Q: 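Take a look at this one; I'll ask things after.
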Amino acid sequence: MALLIILITFFVIILATSQPCQTPDDFVAASSPGHIIIGGLFPTHEKMSSEDYPKRPEIQKCVGFEISVFLQTLAMIHSIEMINNSTLLSGVKLGYELYDTCTEVTVAMAASLRFLSKFNCSRATVEFKCDYSSYVPRVKAVIGSGYSEITMAVSRMLNLQLIPQVGYESTAEILSDKIRFPSFLRTVPSDFHQIKAIVHLIQKSGWNWVGIITTDDDYGRLALNTFTIQAEAKNVCIAFKEVLPAFLSDNTIEVRINQTLEKITLEAQVNVIVVFLRQFHVFNLFNKAIEMNINKMWIASDNWSTATKITTIPNVKKIGKVVGFTFRRGNISSFHSFLQNLHLLPSDSNKLLHEYVMHLSACTYVKDTDLSQCIFNHSQGTLSYEANKTIETNFFMRNDFLRDYAEPGLIHSIQLAVFALGYAIQDLCRARDCQKPNAFQPWEKIQSKCSKECTPGQMKKTTRSQHICCYECENCPENHYSNQTDMPHCLLCNNETQWAPVRSTMCFEKEVEYLNWNDSLAILLLILSLLGIIFVLVVGIIFTRNLNTPVVKSSGGLRVCYVILLCHFLNFASTSFFVGEPQDFTCKTRQTLFGVSFTLCISCILTKSLKILLAFSFDPKLQKFLKCLYKPILIIFTCTGIQVIICTLWLIFAAPTVEVNVSLPRVIILECQEGSILAFGTMLGYIAILALICFIFAFKGRKLPENYNEAKFITFGMLIYFIAWITFIPIYATTFGKYLPAVEIIVILISNYGILSCTFFPKCYVIICKQEINTKSAFLKMIYSYSSRSVSSIVVSHASLESMHGNVTMTNPSSSDKSAIWQKSKDLQVQTFAHICKENATSVSKSLPRKRISSI
């Protein structure tokens, strides 16, 4: 009788567990009520129980219980409980509905239909509508599913109502396409970045002959295509490409694994193999490779690189070395604590937990290292859902086993997904009563995030929170930009040709600047230069019309005046070479033209200073020295020739060139680079030396006859020159940009106007306004008057000397002696005047033609 009861019970259990779900609620793997329901899709079982293709449209039983995926479901439950126990959603409770996809698209689609069904509808039906904006579905968001192939199918269904789907493991690059998957989000990077890193690793390791194994689904094909493109770009050759069936339910999978391993054996030169497979593929592949003694370097994708299921394969080290990439890890210590208290978790609405307990009971005496495989194998059969105290005790003692199988990267990724939804709901519930099911629509959550979206022109700055979805937005600094939302960092503009303001969405081409012809300052300076040229022409006309007047002749004659005026003309004209777009010709011409012409001008003025000093000097020793020094033509050619040599050497060895100055943040300055600062300084320094000599000679003759004396005005002209150029040096050294040439133009104009005004304007004034003193008789009268004063001062000086001598020999002279001294002084004055007039006449007659003697 007891045996009969056991058999009947066993038959009932088999019947109950081997049949597909009878009602929609039977399909739910785990659930918990709440004001807002979050859906979850996890491939907790590896395949369907049927070994053949489906004969009826029914959901079959799932087999092949996966511990690592079971832990992922617990991670979602734990994260939701963390939110419910916090103040993040005060007064609002999150619920969940978790479904097992059995690693099958069909099962996942059935769960998606359940998600799309109308909220609180007993029949769980999906209404057809043209507009789902006000439709209230069963769930507000979905997390999962794990594999990209299944995620794509689910996402296409959820797109109908724009229910947000957050992927925690799906890395296929195509899922980033917002046109095809507008409601899909994820907390892991796409395969593009992973493949880029793998190719970089291969290249840096010096490997160029590799193989690749992928799955025959969207994930595998896209990974293979992307890897092929990036590998070819890095000169890495692919020896073979093997594709395995995507699902374990495919009966050909073992045959294809054997064929792949035979291919690896034949390709003996291939020692590096890239593996884009799921965990169960790798598990079967490696077990077979160990049997065949295949030893290679395996590059793991993030799907299995840290899977405990792979690392615990017996003798796994025989396959060689494994290098892999994994997801970012976070702090999952709270999840570990949750696992320690897992036996306290209510189990009445968690079928997955029930199943785990049953499998654990069946594998009570199995070691932890073999426990996962035992559970997997045992899940192929039928199990009872009844538990007892012994099972609970055993369950409590096996918590460390679960902790070892928890993959930190995936657990952290699931936590991020749940908390991202939590923060989005918090944002939506600030002004709404979210205890009501229709408080918001799922599609509104797509526009809501943990942090506000960083607009183009900003970048994400991660806060102290461990969640990468929570960040602050920071404006892009100058010369950086971002052209998409939520960019992790700003992109740098090409600093040589581009610029960008703060918070820019694009780079702008730098504007090329130089002192343009239409610039207001340039126009003003050119007008002043043109006005100077007009003054030069007017002075030339005035002097030509008054050629035979004493003022013109006393200026050195028309020839010298023309040379000086020509120099002024060239100096004013040279300023035009400082304006406009710099060219090699203008850069070389402007400084040499100014340097040579200004030197010639100063040389001519220097000869005039010497001439004036010679003409009116009554010191015999000084006059003798000046006579030897005064060689006008030689002085002019020598002084100017030295400057010509300086400029020629400058142009040969370090000629000025056009330079593109990109140091300024927003503009490119086209400017003339002087080539050699030493040569430029030597040119200006040489002019300064000549001007200083000229100044000294002019200063000595400043007290000569006033009406016709240029020395005083030459002194003023040289002072203006010195002030202008001494001021120029610090300004030129500290000024940059397009107005640097304007500084030199201003100095040239000041010094040129100063010398022109002091040299010619006083004479023009006498010629035009003081014609009564511009006559030969007035000139001779002035000479006689000045000479008389000069001779008297000399006589007085001689008398003083004799008086001093007399004081030494005779202390009290008589009145008759005084009279004799006065007479003697008078005779000396007459003799001295006659001697000076004779000497001056002789000097003039020797130095100038007879017809031009009156020019002194």
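Just so it is clear, the structure is predicted and the values come from calculations on it, not from any experiment.
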Q: What's the verdict on side-chain contact (heavy atoms from CB on, under 4.5 Å) for Leu690 and Tyr686, showing C-alpha distance, side-chain angles and the deciding distance?
A: CA-CA 6 Å; Leu690 292 180; Tyr686 178 69; 3.7 Å; yes

Q: Answer whether the closest heavy-atom distance between the side chains of Thr455 and Cys473 falls below 4.5 Å.
A: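 In short, these two side chains do not touch, never coming nearer than 4.5 Å.
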
Q: Scan for side-chain hydrogen bond (donor to acceptor under 3.5 Å, both in side chains) pairs involving residues 568-577, sequence neighbours excluded, and state none if there are none.
A: Ser529-Thr575, His568-Asn752, Asn571-Ser597, Asn571-Asn752

Q: Nearest 0.5 Å please: distance from the CG atom of Leu692 over to the CG atom of Leu606.
A: 11.0 Å

Q: Could you check if a side-chain atom of Leu491 sits within less than 4.5 angstrom of a side-chain atom of Ser482, using non-hydrogen atoms only?
A: no

Q: Measuring from Leu600:CG to Ile687:CD1, what's the distance to the nearest 0.5 Å?
A: 11.0 Å

Q: In Å and rounded to the nearest 0.5 Å, what is the CG to SG distance from Leu634 to Cys639?
A: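 Taking CG in Leu634 and SG in Cys639, the distance rounds to 8.5 Å.
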
Q: Restricting to ring pair (Phe, Tyr, Trp, His ring centres under 6.0 Å), what partner residues turn up for Phe761, sequence neighbours left out?
A: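 So Phe761 forms a ring pair (Phe, Tyr, Trp, His ring centres under 6.0 Å) with Phe535.
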
Q: For Ile669 and Lys738, which heavy atoms make the closest approach, and how far apart are they?
A: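 Heavy atoms only, the tightest pair is CD1-N, 3.9 Å.
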
Q: Can you confirm whether Thr759 sits close enough to Phe713 that some side-chain heavy atom of one is under 4.5 Å from a side-chain heavy atom of the other?
A: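 Thr759 vs Phe713: side chains apart.
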
Q: Please lay out, stage by stage, how Val662 and Val660 fare under the test side-chain contact (heavy atoms from CB on, under 4.5 Å).
A: CA-CA 6 Å; Val662 297; Val660 180; 4.0 Å; yes

Q: I'd like to know whether NE2 of His200 has more than 12 heavy-atom contacts from other residues, nucleotides or ligands below 6.0 angstrom.
A: no

Q: Are any non-hydrogen side-chain atoms of Gln203 and Asn235 less than 4.5 angstrom apart?
A: no

Q: Hey, is Glu674 close enough to Arg590 for a salt bridge, meaning N to O under 4.0 Å?
A: yes

Q: Quick one: does Thr549's side chain have a donor or acceptor within less than 3.5 Å of a partner on Asn546's backbone?
A: yes

Q: Any chance you could lay out the salt bridge (charged side-chain N to carboxylate O under 4.0 Å, His left out) test for Arg503 and Glu478, step after step, and finish with the verdict?
A: CA-CA 8 Å; Arg503 197 175 180 177; Glu478 194 171 7; over 6 Å; no

Q: Taking side chain as C-beta onward, heavy atoms only, is Thr648 less than 4.5 Å from Ile646?
A: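 Counting from C-beta outward, Thr648 and Ile646 never come under 4.5 Å.
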
Q: Could you list the residues that satisfy side-chain hydrogen bond (donor to acceptor under 3.5 Å, both in side chains) with Thr682, not counting sequence neighbours?
A: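 For Thr682 there are no side-chain hydrogen bond (donor to acceptor under 3.5 Å, both in side chains) partners, ignoring immediate neighbours.
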
Q: Do Phe728 and Leu684 come within less than 4.5 Å of each other through their side chains, counting heavy atoms only?
A: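 The answer is yes, as the side chains (C-beta and beyond) meet within the 4.5 Å cut-off.
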
Q: Please round to the nearest 0.5 Å and tell me the distance separating atom CG of Leu719 and atom CD1 of Ile714.
A: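 Rounded to the nearest 0.5 Å, the CG-CD1 separation comes to 12.0 Å.
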
Q: Could you pull out all residues at least two apart from Ile541 that satisfy side-chain contact (heavy atoms from CB on, under 4.5 Å)?
A: Arg545

Q: If I compare all heavy atoms of Leu670 with all of Pro582, which pair ends up nearest, and what's the gap?
A: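 Minimum heavy-atom separation between Leu670 and Pro582: O-CG, 3.4 Å.
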
Q: Would a distance-only check, ignoring hydrogens and angles, find a side-chain to backbone donor-acceptor pair under 3.5 Å from Gln643 to Met683?
A: yes

Q: Should Val766 and Pro762 count as side-chain neighbours, where that means a heavy-atom distance under 4.5 Å?
A: no

Q: Apply the side-chain contact (heavy atoms from CB on, under 4.5 Å) test between Ile527 and each candidate in Leu525, Leu530, Ile523; give the one that qualifies.
A: Ile523

Q: Sequence neighbours left out, what pairs pass ring-ring contact (aromatic ring centres under 6.0 Å, His included) with at least one residue falling in residues 578-605?
A: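 Passing the test, one end in residues 578-605: Phe594-Phe598, Phe594-Trp725, Phe598-Tyr721.
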
Q: Once side-chain hydrogen bond (donor to acceptor under 3.5 Å, both in side chains) is applied, do any residues pair with Lys510, and if so which ones, sequence neighbours excluded?
A: none

Q: Just by distance, do the side chain of Thr638 and the backbone of Ile635 share a donor-acceptor pair under 3.5 Å?
A: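 No, because the side chain of Thr638 does not come within donor-acceptor range (under 3.5 Å) of the backbone of Ile635.
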
Q: Is there a donor-acceptor contact under 3.5 Å from the side chain of Asn483 to the main chain of Thr505?
A: no

Q: Suppose we screen for side-chain contact (heavy atoms from CB on, under 4.5 Å). Which residues come up paired with Ile689, at least two apart in sequence or across chains?
A: Ile693

Q: Looking at Ile668 and Thr497, what are the two nearest heavy atoms and their distance?
A: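 Residues Ile668 and Thr497, closest heavy atoms: CD1-CA, 4.1 Å.
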
Q: Taking only residues two or more places apart in sequence or in another chain, which ones pass ring pair (Phe, Tyr, Trp, His ring centres under 6.0 Å) with Tyr753?
A: Phe572

Q: Search all heavy atoms of Ile748 against all heavy atoms of Ser751 and return the closest pair with its distance.
A: O-OG, 3.1 Å

Q: Could you tell me whether Lys460 sits above the aromatic face of Tyr471, with NZ or CZ closer than 6.0 angstrom to the six-membered ring centre and within 45 degrees of the axis?
A: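 Judged by the rule (NZ or CZ under 6.0 Å from the ring centre, within 45° of its axis), Lys460 counts as positioned above Tyr471.
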
Q: Which heavy atom of Glu744 sits nearest to which heavy atom of Gln591, and what is that distance?
A: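 Taking every non-hydrogen atom into account, OE2-OE1, 2.8 Å.
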
Q: State whether the number of non-hydrogen atoms from other residues, nucleotides or ligands found under 6.0 Å of Ile633 atom CD1 is greater than 12.
A: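 Atom CD1 in Ile633 is not packed in, count stays at 12 or less.
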
Q: According to the disulfide bond (SG atoms under 2.5 Å apart) rule, which pairs have a member within residues 571-607, sequence neighbours left out?
A: Cys587-Cys672

Q: Roughly how far, to the nearest 0.5 Å, is CG of Leu537 from OG1 of Thr544?
A: 10.5 Å

Q: What pairs with Asn475 under side-chain hydrogen bond (donor to acceptor under 3.5 Å, both in side chains), at least two apart in sequence or on another chain?
A: Gln458

Q: Enumerate the disulfide bond (SG atoms under 2.5 Å apart) contacts for residues 482-516, please, sequence neighbours excluded, ordered by first and then second residue.
A: Cys476-Cys490, Cys493-Cys507

Q: How about Lys608 and Val560: do any of their side-chain heavy atoms sit closer than 4.5 Å?
A: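 Sidechains of Val560 and Lys608: in contact.
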
Q: Which pairs with one or both residues in residues 475-499 pass ring-ring contact (aromatic ring centres under 6.0 Å, His included), sequence neighbours excluded?
A: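 Residue pairs with at least one partner in residues 475-499: Trp499-Phe508.
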
Q: I'd like to know whether CZ of Phe569 has more than 12 heavy-atom contacts from other residues, nucleotides or ligands below 6.0 angstrom.
A: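 Check fails, neighbour count at 12 or below.
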
Q: Grab the two heavy atoms, one from Gln498 and one from Asn479, that are nearest each other, plus how far apart they are.
A: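 Scanning both residues, the minimum pair turns out to be O-OD1, 4.3 Å.
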
Q: Determine whether Ile602 and Ile755 satisfy the following criterion, side-chain contact (heavy atoms from CB on, under 4.5 Å), listing intermediate values before the conclusion.
A: CA-CA 9 Å; Ile602 298 294; Ile755 295 174; 3.9 Å; yes

Q: Decide side-chain contact (heavy atoms from CB on, under 4.5 Å) for Leu565 and Val539; before the verdict, give the C-alpha distance in whole Å, the side-chain angles of both, and the deciding distance to 0.1 Å.
A: CA-CA 8 Å; Leu565 289 173; Val539 170; 3.8 Å; yes

Q: First locate atom SG of Cys764, then atom CD1 of Ile542, and finally report the distance between them rounded to the nearest 0.5 Å.
A: 4.0 Å

